[in-house]
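This report refers to the structure that appears directly beneath it.
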Amino acid sequence: MSSPICQLCEVKSSAARHLSDKELEKMNNHCVQVSYKKGETIFKQGSFSTNITYLRSGLVKVHILGPEKEQIIKIAKAPSYLGIPTTIDEEINQYSATAIMDTNVCYIDIDTFKNFLLTNGNFSYQLVIDLCQEELASYTRCVNRAQKNAAGKIADALLFFKNEIFESSKFTLPLSREELGNLIDATRESVSRTIAELNNDGFIEVSGKHIEILREESLEIISRNG
DNA sequence: GCATTAACCACAG
DNA sequence: CTGTGGTTAATGC
């Protein structure tokens with residue numbers, strides 16, 4: 001745990017860029033920075049939510065324990081807020097956040113944060129924009145999960161990791177087969193099988209969690225048509 | 001009917 | 001935790 005210097009922060013949220021020096025100094029006095037190792041829980045569904053969580057670096061899975069099983073709602077990459085919906089007007093966390101790579105997080109005091117919302121229109125406006133983007137993205141994920149077949153969902157996920165997370169055709173999956181299934185709504189067996197097929201058909205090169213995407217265009221077609 | 005798809009089960013590595 | 005094979009239930013043509 002260490003004291004951040006918010007004024008000098010290189011990874012401010014787009015909202016926080018609208019804060020004045022004075023406000024940033026106030027933030028600095030009501031904020032702590034914590035590091036998490038891969039696998040550690042950042043906050044847990046059911047526990048008190050007392051701070052706004054801001055993801056400075058690393059990769060996190062956001063998940064909910066449903067009536068049947070664990071559902072991964074999304075993979076969150078830095079920089080982004082992690083817990084606004086579960087903190088701003090909820091006393092209890094409605095979902096969990098777990099680091100899937102080494103991760104660095106800032107906890108911002110909720111009252112300080114709310115005070116910015118009430119007094120700084122630009123800050124609030126930017127935050128609304130961010131939340132809207134996230135909500136739209138969430139609608140899209142919802143539709144895709146429900147309507148695409150297994151191959152389409154796997155292709156989606158692989159392209160997501162390539163384009164949005166690692167920005168490289170070659171990467172190491174930060175999730176187990178089971179977790180990937182929980183993310184795209186498929187069983188671990190389907191995930192294994194589909195990945196093996198994509199490998200056999202030469203679209204990707206697989207070795208355990210190491211993935212290389214060989215034919216991105218083909219994956220895009222599979223993503224669309226299944 | 002027949003084919004396809006994916007879940008469920010079981011077992012091996 | 002993974003990969004694979006057999007089985008089964010649902011759906012579509």
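Labels below follow one simple rule: chain letters A, B, ... track the order of the sequence lines, proteins then strands, and each chain is numbered from 1. Bear in mind that the values here come from a model prediction, so they are computed numbers and not experimental data.
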Between P on B:dT5 and CG on A:D185, what's the gap in Å once rounded to a whole number? 18 Å

Does the side chain of A:T112 come within less than 4.5 Å of A:N29's, by heavy atoms? no

note: A:I100, atom CD1; C:dC1, atom P; distance rounded to Å ~ 15 Å

Taking A:N163 for the side chain and A:L159 for the main chain, is one N or O donor matched with an acceptor at less than 3.5 Å? yes

Please state how far atom CG in A:N200 lies from atom P in C:dG3, giving the value in whole angstrom units. 12 Å

Just checking A:K153: base, sugar-phosphate only, or nothing, at a heavy-atom cut-off of under 4.0 Å? nothing

Once salt bridge (charged side-chain N to carboxylate O under 4.0 Å, His left out) is applied, do any residues pair with A:K12, and if so which ones, sequence neighbours excluded? none

Length of the CZ-C1' vector between A:R177 and B:dC8, whole Å: 20 Å

Could you tell me how far apart A:K69 (NZ) and B:dC8 (P) are, to the nearest whole angstrom? 9 Å

Student check: side-chain heavy atoms of A:L127 and A:F116 closer than 4.5 Å: no

Looking at A:K209, does any N or O in its side chain come under 4.0 Å of the phosphate oxygens OP1/OP2 on C:dT2? yes

Return the value, rounded to whole Å, for the distance between atom CD of A:E197 and atom P of C:dG5. 11 Å

So which heavy atom on A:E23 is nearest to which on A:H18, and how close? OE1-O, 4.2 Å

Taking the side chain as every heavy atom from C-beta outward, state whether A:Q126 and A:D130 have any pair of such atoms under 4.5 Å apart. yes

A:L180 CG - B:dA6 P separation (whole Å): 14 Å

Looking at A:F113 versus A:Y107, is the centre-to-centre ring distance below 6.0 Å? no

When you measure from the side chain of A:S176, which nucleotide among C:dG3, C:dC1, B:dA6 comes out closest? C:dC1

Specify the residues of residues 187-194 of chain A, ordered by number, for which at least one heavy atom lies under 4.0 angstrom from an atom of DNA chain B. A:T187, A:R188, A:E189, A:S190, A:R193

Using atom CG of A:N182 as one end and atom P of C:dC1 as the other, report the distance to the nearest whole Å. 11 Å

